[in-house]
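Data block below; observations after.
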Amino acid sequence: MPTELPTTEAQGWDATLRTAIATHAKAATGVPFGPGDVVLSAPKQAGHGDLATNAAMMLAKRAGKAPREVAQAIVDGITEELGDRLSGAEIAGPGFINLTLSGTFLREALGIVGAAGRSWGGGGARQTERINVEFVSANPTGPMHVGHARNAAYGDALSRILEFHGHVVDREFYVNDFGSQVKNLGASILARATGAEVPEGGYQGAYVQEIADGIPGAADQSVEALSDLGVEAMLARTQGTLAGFGVRFDRFFSERSLHAGEPSALDSALEILRSNGELELEDEAWWLRTEKRGDDKDRVVVRSDGAPTYYASDLAYMRDKLDRGYDRQMLVLGADHHGYIGRMRAAFEAFGGDPDRLELLIMQLVKLVEGGVEVKMSKRSGQFVTVEDLVDEIGVDASRWFLLQRSHDTAVELDLELARKASSENPVYYVQYAHARACSVLEKVSAQALSVATALSGGDAGAVTGLAVTVEDAERALTLKLGELPEVVAQSAARRAPHRIATYALELAQVFTAFYRDCQIAGAEGDGVEAWRAALTAATRDALATTLGLLGVTAPERMERRDEDGPEAEAA
RNA sequence: GCGCCCGUAGCUCAGUGGAUAGAGCGCCUGCCUCCGGAGCAGGAAGUCGGAGGUUCGAAUCCUCCCGGGCGCGCCA
């Protein structure tokens with residue numbers, strides 16, 4: 001069961017504001033309202049202040065009062081309470097309250113943000129859960145293609161985000177090393193080794209020949225032996241590909257292992273269902289009655305010839321994870337697996353699990369385009385774009401960014417030609433460049449300013465709150481953007497949406513670049529100004545590194561200086 | 001036929017109840033004696049697929065329709 005986390009105050013850069021709003025909103029309306037219920041958002045329009053809240057509109061109806069009247073009461077209350085931390089509070093439109101924060105407030109905010117260093121934005125989970133994330137699980141009968149790359153990038157980033165948010169995650173890869181497809185691989189290898197025709201339903205790809213060539217005396221071996229060796233070779237290649245893609249797994253779980261032993265794990269799982277009265281014999285086959293639990297139809301688990309189905313393996317694997325005591329199971333599946341949701345949820349319930357603790361996350365397709373023409377993928381013909389191909393074309397960082405920047409439930413189009421040609425102008429380079437620039441600037445600031453920035457990153461919030469500096473507009477915007485990170489991480493984790501991190505990283509890089517343009521950092525004049533800006537730069541550097549890290553994209557301290565002989569010139 | 005996902009700017013896509021709907025790319029106009037110009041500022045460009053409904057307020061929630069993608073085996 002989930003365990004309570006100690007409550008931390010570190011995340012609350014806006015806690016005083018939330019508390020004040022909640023207190024006075026409750027006083028004005030009598031409706032129960034806490035700091036966590038306050039919605040603070042960044043107004044889209046300039047002139048609407050730093051933050052806006054719709055608290056008055058949310059509560060007015062329930063209190064039977066006019067929204068603007070409630071808003072006025074809140075404004076009066078917080079203006080009094082917050083004093084010089086607030087430099088403006090105005091009521092607008094139907095009852096919005098637009099707030100402008102003072103320099104004092106912003107310096108305190110940066111103190112809280114910056115002192116957290118690389119942990120800023122993390123640890124916000126209310127309860128820690130032990131989560132098993134199963135992803136990729138590509139069949140060991142062929143190379144990983146672009147769809148697997150999206151699955152890998154997503155599952156890995158999701159795992160990182162959940163961990164950063166405060167959960168404990170096990171990453172798992174289910175190896176389908178059992179059944180007819182494995183025999184087909186063996187038969188295909190034998191055919192290639194002997195120069196015979198690849199059998200019906202076999203694998204045609206050039207990689208089969210490569211495997212055959214890598215097995216001494218392959219032509220004289222049995223299909224069974226070649227199946228084992230083929231799976232071994234493909235799994236090794238897949239693991240190498242994943243490592244190269246920056247994806248780590250805690251466990252590769254063998255389907256075959258579920259069939260080993262007496263009784264096997266599969267036997268045991270089916271026995272549990274049988275004794276629970278969940279299995280029924282009909283037409284000499286054993287059925288799991290999933291339809292009564294919302295599935296389209298009932299499912300066969302043991303065929304009339306006595307052989308278990310693939311679904312039976314899934315059940316045994318699910319049972320194994322249940323026995324390992326996870327609070328939650330997540331499965332990242334391809335678009336063609338959405339039909340599994342019903343049967344998997346039904347099975348989870350049949351085992352006595354709470355269906356809310358099983359999540360099937362369906363990845364939509366990656367449509368590969370080359371110069372405006374779709375690149376077809378087909379395992380049968382053996383023509384597909386592998387993960388290795390993709391990485392060769394645009395690199396790991398750009399691959400991961402492109403695959404992660406969109407929601408997992410929307411089909412994305414990836415134009416190889418465009419990605420290749422635009423590689424020097426990708427958003428990912430823009431974000432990485434901002435990080436490198438922050439690092440570079442910090443090498444140029446005075447020793448005194450650097451010591452303030454370093455003290456802040458090291459946890460000393462007071463290093464910056466005491467600086468008597470005026471906060472410029474660009475500094476204000478950057479501080480507020482940094483303040484958003486915990487909420488972004490929380491939303492990204494809650495919605496299983498890594499792309500929100502990518503969107504935020506790009507925004508943060510843009511706001512930082514604007515700050516860099518408007519505010520001279522190194523050698524800035526004025527008492528404490530250089531130190532203040534160095535501290536802001538260091539906090540931004542940390543936040544950029546954090547967000548890139550969550551996506552599995554590197555955050556280089558310096559990048560190749562682009563010049564006339566750069567990638568663009570070469571590509572031409 | 002049934003089920004799941006999607007439909008937002010020229011293109012690729014953010015935005016799941018708030019104010020005048022955004023970003024990247026592409027296009028147009030400016031800006032390099034300056035901490036890294038892989039940049040910056042400004043501009044053109046949208047009936048948020050359509051029609052109803054709920055709401056003080058809808059791209060967002062509900063219903064129906066249209067269009068696209070993917071599934072629907074005692075295969076794996």
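The chains referred to below are lettered A, B, ... by the order of the sequence lines, with proteins before strands, and numbering in each begins at 1.
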Using the [atom1] atom in both, what is the distance from [N] to [M], to the nearest Å?
N      : M      : atom1 : result
B:rC48 : B:rU60 : C1'   : 10 Å
B:rA23 : B:rG17 : C1'   : 23 Å
B:rC31 : B:rG37 : C1'   : 10 Å
B:rG43 : B:rC4  : C1'   : 42 Å
B:rA21 : B:rU16 : C1'   : 14 Å
B:rC61 : B:rU8  : P     : 16 Å
B:rG46 : B:rG10 : C1'   : 11 Å
B:rG52 : B:rA14 : C1'   : 28 Å

Base [N] paired with [X] side chain (donor-acceptor, <3.5 Å):
X        : N      : value
A:Asp336 : B:rG71 : no
A:Asn98  : B:rA19 : yes
A:Ser180 : B:rC75 : no

Handout entry: First of A:Thr513 and A:Gly93 reached from the 5' end of RNA chain B, by closest nucleotide
Key =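 Upstream on the strand: A:Gly93.
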
Problem - Residue mapping more 5' on RNA chain B - nearest nucleotide basis, A:His48 or A:Gln364 - result: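 On the 5' side of the pair lies A:Gln364.
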
Assess, by modelled atom type and distance only, whether the side chains of [X] and [Y] contain a donor and an acceptor separated by less than 3.5 Å.
X        : Y        : value
A:Asn139 : A:Thr141 : no
A:Tyr504 : A:Gln491 : no
A:Tyr340 : A:Asp314 : no
A:Glu255 : A:Ser313 : yes
A:His435 : A:Thr540 : no
A:Glu530 : A:Ser446 : yes

What is the distance from [atom1] of [X] to [atom2] of [N], rounded to the nearest Å?
X        : N      : atom1 : atom2 : value
A:Asn426 : B:rC25 : CG    : P     : 10 Å
A:Arg517 : B:rG42 : CZ    : C1'   : 12 Å
A:Phe515 : B:rG36 : CZ    : P     : 14 Å
A:Trp401 : B:rC25 : CH2   : P     : 12 Å
A:Met344 : B:rC4  : CE    : C1'   : 16 Å
A:Tyr340 : B:rC70 : OH    : P     : 17 Å
A:Gln181 : B:rA76 : CD    : P     : 9 Å
A:Tyr504 : B:rA23 : OH    : P     : 18 Å

Please classify the nucleic acid contact of [X] as base, sugar-phosphate, or nothing, using heavy-atom distances under 4.0 Å.
X        : result
A:Leu506 : sugar-phosphate
A:Asn184 : nothing
A:Ala524 : nothing
A:Cys439 : nothing
A:Leu365 : sugar-phosphate

Problem - Residue pair A:Leu551 / A:Asp397, side-chain heavy-atom distance below 4.5 Å - result: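 Result no, sub-4.5 Å side-chain heavy-atom pair not found.
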
Handout entry: Any side-chain heavy-atom pair of A:Thr554 and A:Leu548 under 4.5 Å
Key =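 They are not in contact (no side-chain heavy atoms under 4.5 Å apart), so the answer is no.
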
Does a nitrogen or oxygen in the side chain of [X] sit under 4.0 Å from OP1 or OP2 of [N]?
X        : N      : value
A:Gln510 : B:rC40 : no
A:Tyr516 : B:rG37 : yes
A:Tyr430 : B:rC40 : yes
A:Lys183 : B:rA76 : no
A:Tyr310 : B:rA76 : no

Exercise for the section: Assess whether atom CD of A:Glu557 is packed by more than 12 heavy atoms of other residues, nucleotides or ligands within 6.0 Å. Expected result: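 Not more than 12 within 6.0 Å, no.
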
Exercise for the section: Might you confirm whether atom CD of A:Glu507 has over 12 heavy atoms from other residues, nucleotides or ligands at distances under 6.0 Å? Expected result: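 For A:Glu507, atom CD is crowded (more than 12 foreign heavy atoms under 6.0 Å).
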
With a distance cut-off below 6.0 Å to the six-membered ring centre and an angular limit of 45° from the axis, does [X] pair with [Y] as a cation-pi contact?
X        : Y        : value
A:Arg437 : A:Tyr516 : yes
A:Arg274 : A:Trp286 : yes
A:Arg345 : A:Phe348 : no

Problem - From B:rC74, B:rG36, B:rC70, nucleotide with atom closest to A:Ala335 side chain - result: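 So the nucleotide nearest the side chain must be B:rC70.
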
Anything under 3.5 Å between a protein N or O and an N or O of nucleotides 12-16 of chain B, put it in a table, one pair a line.
from: B:rU12; atom 1: O2; to: A:Arg406; atom 2: NH2; distance (Å): 3.0
from: B:rC13; atom 1: OP1; to: A:Ala411; atom 2: O; distance (Å): 2.8
from: B:rC13; atom 1: OP1; to: A:Glu413; atom 2: N; distance (Å): 2.7
from: B:rC13; atom 1: O2'; to: A:Arg406; atom 2: NE; distance (Å): 2.8
from: B:rC13; atom 1: O2'; to: A:Arg406; atom 2: NH1; distance (Å): 2.1
from: B:rA14; atom 1: OP1; to: A:Ser407; atom 2: N; distance (Å): 2.8
from: B:rA14; atom 1: O3'; to: A:His499; atom 2: NE2; distance (Å): 3.3
from: B:rA14; atom 1: O2'; to: A:Thr503; atom 2: OG1; distance (Å): 3.4
from: B:rG15; atom 1: OP1; to: A:His499; atom 2: NE2; distance (Å): 2.7
from: B:rU16; atom 1: OP1; to: A:Arg500; atom 2: NH2; distance (Å): 2.5

Problem - Residue-level proximity of residues 294-303 of chain A to RNA chain B when a heavy atom falls under 4.0 Å - result: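 Residues of residues 294-303 of chain A under 4.0 Å from RNA chain B: A:Lys297, A:Val300, A:Arg303.
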
Practice task
Could you tell me whether B:rC32 is syn or anti, where syn means a glycosidic angle within 90 degrees of zero?
Solution key: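 Syn.
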
Practice task
Would you confirm whether the ring centroid of A:Tyr154 sits within less than 6.0 angstrom of the ring centroid of A:Phe135?
Solution key: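 Aromatic pair excluded; centres sit 6.0 Å or further apart.
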
Problem - Nearest-0.5 Å distance, CG of residue A:Leu185 to CG of residue A:Leu226 - result: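 Between A:Leu185 CG and A:Leu226 CG, I get 9.0 Å after rounding to 0.5 Å.
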
Handout entry: Dot-bracket encoding of pairs in RNA chain B, which uses [ ] for pseudoknotted crossings and | for another strand, Watson-Crick or G-U under 3.5 angstrom
Key = (((((((..((((....[...)))).(((((.......))))).....(((((..]....))))))))))))....

